**Student:** 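Shown below is the structure under consideration.
Everything quoted here is computed from the prediction, not taken from an experiment.
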Amino acid sequence: MRRLLQTVLLALIGAGLLHTALFTDLYLRYVKEGLRPVLIASGIVLLLLATVNAVLDLRGREPDEHHHADEHGHDHSHAPKVAWLLALPALSLLLYAPPALGAYTAAHSNGKPVATTPKERFPALPATSPLPLTLTGFTQRVQQDPTRAIKGRQVQLTGFVTPAGAGGGWYLTRIIFTCCAADSQTVKVRVHGTEAPPADTWLAVTGTWHPAGRLGTKTAEAALDVRETHPIAQPVNAYTDDLPLTPS
């Protein structure tokens, strides 16, 4: 039974990894896109190991498995029945994907420190209105651009809704993976001028910088006076701070 459990678990996990990485975009909920080949390779290796185990069982070659009883006559060669519960996480990869990170995670995490941008790397903003920006790009313009080019400009930001907590209000949020969900960080922009939509709602928000602090310095708040909001589908690149791609 122990050998059978090993084989089943290897096969389920391998099949789950291949299903998630080859036939869906669900893997993007947990790892960065660049790790897709690693997931595929891991799934193939696990299926090969399961196949080897199964072949050895069929041939009756179990060099490491002997049925020994202790002095009380108890056979310890079998895995306990509760061990089959280990198959449930593996089955979830095939039947039910764990939920993506969202507002709950963002509300309980600190904001991602925005990297400092040298003054000479702030090019002139295009005349497009509203101007599409990432949340990080908007924050950098608000807090670091000495030309204060963002003042009075209509910008369009995209992200999901995170309630601000006891103080009321809400944030437009993106969760960013450095490698995977375990090292995720959060970037937020405070939104003023409208009631908070339901948590985890994805929105395109148009507005202008909300004056708070001295623009172009760290005292300035990354905040937006909203003009309009539009619900959008969760983009494919949901766990980056890029401008959104079209959902699949």
Side-chain angles (χ1 to χ4, degrees), residues 25 28-29 32-34 100-103 106 111-164 169-178 184-248:
D25 291 319
L28 292 173
R29 294 183 179 183
K32 293 190 71 172
E33 185 176 9
L101 301 183
K112 175 183 181 293
V114 175
T116 301
T117 301
K119 295 179 180 180
E120 63 273 12
R121 293 193 181 177
F122 283 105
L125 292 173
T128 306
S129 185
L131 175 67
L133 288 174
T134 65
L135 301 192
T136 298
F138 176 75
T139 302
Q140 288 174 329
R141 286 285 183 172
V142 166
Q143 297 182 345
Q144 300 174 25
D145 183 4
T147 69
R148 295 180 289 179
I150 204 72
K151 186 176 182 180
R153 291 294 304 271
Q154 282 202 52
V155 299
Q156 186 178 75
L157 312 177
T158 57
F160 62 86
V161 175
T162 299
W170 58 287
Y171 294 96
L172 195 66
T173 311
R174 295 295 290 258
I175 291 176
I176 304 168
F177 289 174
T178 302
S184 63
Q185 296 177 302
T186 303
V187 59
K188 303 176 185 177
V189 170
R190 184 70 180 250
V191 178
H192 298 269
T194 184
E195 293 295 322
D200 292 314
T201 303
W202 278 85
L203 298 174
V205 178
T206 301
T208 56
W209 175 64
H210 174 80
R214 183 182 173 191
L215 187 61
T217 71
K218 290 292 185 181
T219 65
E221 182 185 16
L224 201 69
D225 282 325
V226 66
R227 298 269 177 104
E228 58 183 3
T229 64
H230 297 290
I232 62 171
Q234 179 174 312
V236 173
N237 56 334
Y239 296 101
T240 67
D241 192 25
D242 300 329
L243 295 177
L245 303 176
T246 303
S248 61

**Student:** Looking at every non-hydrogen atom in both residues, tell me the closest pair between Ala196 and Gly169 and how far apart they are.
**Tutor:**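 Smallest heavy-atom distance, with atoms named: CB-O, 4.3 Å.
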**Student:** Rounded to the nearest 0.5 Å, what's the gap from CG on Leu224 to OG1 on Thr206? Could you check?
**Tutor:**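 Here the interatomic distance stands at 8.5 Å.
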**Student:** Return yes if some donor-acceptor pair links the side-chain N/O of Asp200 with the main-chain N/O of Thr162 below 3.5 Å, else return no.
**Tutor:**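 Not a single qualifying donor-acceptor pair exists.
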**Student:** Tell me the closest heavy-atom pair linking Leu203 and Pro197, and the distance in Å.
**Tutor:**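 Leu203 and Pro197 have their closest heavy atoms at CD1-CG, 3.7 Å.
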**Student:** Please give me the minimum heavy-atom distance between Val161 and Pro198, naming the atom from each residue.
**Tutor:**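 Val161 and Pro198 have their closest heavy atoms at CB-O, 3.6 Å.
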**Student:** Indicate yes or no for a side-chain donor-acceptor contact from Trp209 to the backbone of Ala220 under 3.5 Å, with no hydrogens or angles considered.
**Tutor:**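 Here the side-chain-to-backbone pair does not exist.
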**Student:** Measuring from Leu131:CG to Arg141:CZ, what's the distance to the nearest 0.5 Å?
**Tutor:**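 Answer for the CG-CZ pair, Leu131 versus Arg141, is 8.0 Å.
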**Student:** Short question: side chain of Tyr171, backbone of Val187 - any donor-acceptor pair under 3.5 Å?
**Tutor:**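 Here the side-chain-to-backbone pair does not exist.
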**Student:** Got a second to check how far Phe138's CZ is from Asp241's CG, nearest 0.5 Å?
**Tutor:**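 Phe138 CZ to Asp241 CG: 12.5 Å, rounded to 0.5 Å.
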**Student:** Mind checking side-chain contact (heavy atoms from CB on, under 4.5 Å) for Asp225 and listing every partner two or more places apart, or none if nothing turns up?
**Tutor:**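 Once residues adjacent in sequence are excluded, the partners of Asp225 under the side-chain contact (heavy atoms from CB on, under 4.5 Å) criterion are His192, Thr208, His210, Pro211.
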**Student:** Where is the tightest heavy-atom contact between Thr173 and Ala106, given as atom of each residue plus distance?
**Tutor:**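 For Thr173 versus Ala106, the nearest heavy atoms are CG2-CB, 3.7 Å.
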**Student:** How long is the straight-line distance from CG of Leu215 back to CD of Glu221, given to the nearest 0.5 Å?
**Tutor:**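 Between Glu221 CD and Leu215 CG, I get 12.5 Å after rounding to 0.5 Å.
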**Student:** Looking at side-chain heavy atoms only, is the closest gap between Thr158 and Ile232 below 4.5 Å?
**Tutor:**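 Sidechains of Ile232 and Thr158: in contact.
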**Student:** Considering non-hydrogen atoms only, spot the tightest contact between Pro130 and Pro132 and give its length.
**Tutor:**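 Looking at all heavy atoms of both residues, the shortest contact is O-CD, 3.4 Å.
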**Student:** What's the spacing between Thr136 OG1 and Ile176 CD1 if we round to 0.5 Å?
**Tutor:**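 If I round to the nearest 0.5 Å, the distance is 4.5 Å.
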**Student:** Distance-only, no hydrogens or angles: does the Trp170 side chain make a donor-acceptor pair with backbone N or O of Thr194 under 3.5 Å?
**Tutor:**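 Confirmed, Trp170 side chain pairs with Thr194 backbone.
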**Student:** So which atom in Tyr239 and which in Leu101 form the shortest heavy-atom distance, rounded to 0.1 Å?
**Tutor:**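 Where Tyr239 meets Leu101 most closely, the heavy atoms are OH-O, 2.8 Å.
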**Student:** Output a table of donor-acceptor pairs, distance under 3.5 Å, between side-chain atoms of residues 147-157 and any protein atom two or more places apart or on a different chain; print 'none' if there are none.
**Tutor:**
{"unit_1": "Thr147", "atom_1": "OG1", "unit_2": "Asp145", "atom_2": "OD1", "d": "2.7"}
{"unit_1": "Thr147", "atom_1": "OG1", "unit_2": "Asp145", "atom_2": "OD2", "d": "3.0"}
{"unit_1": "Arg153", "atom_1": "NH1", "unit_2": "Pro126", "atom_2": "O", "d": "3.3"}
{"unit_1": "Arg153", "atom_1": "NH2", "unit_2": "Pro126", "atom_2": "O", "d": "2.8"}
{"unit_1": "Arg153", "atom_1": "NH2", "unit_2": "Thr128", "atom_2": "O", "d": "2.8"}

**Student:** With side chains defined as the heavy atoms from C-beta onward, is the minimum distance between Pro235 and Trp202 less than 4.5 Å?
**Tutor:**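 In contact.
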**Student:** Excluding sequence neighbours, so at least two apart, what forms side-chain hydrogen bond (donor to acceptor under 3.5 Å, both in side chains) with Thr217?
**Tutor:**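 Thr217: side-chain hydrogen bond (donor to acceptor under 3.5 Å, both in side chains) contacts with Thr219.
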**Student:** Any sub-3.5 Å donor-acceptor pair from Thr139's side-chain atoms to Leu135's backbone N or O?
**Tutor:**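 Yes, Thr139 side chain to Leu135 backbone: donor-acceptor pair under 3.5 Å.
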**Student:** Mind checking the NZ-CZ spacing from Lys188 to Arg174? Nearest 0.5 Å is all I need.
**Tutor:**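 Here the rounded value is 15.0 Å.
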**Student:** In the structure I gave you, are the side-chain heavy atoms of Thr201 and Phe160 within less than 4.5 Å of one another anywhere?
**Tutor:**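 No, too far: nothing below the 4.5 Å cut-off.
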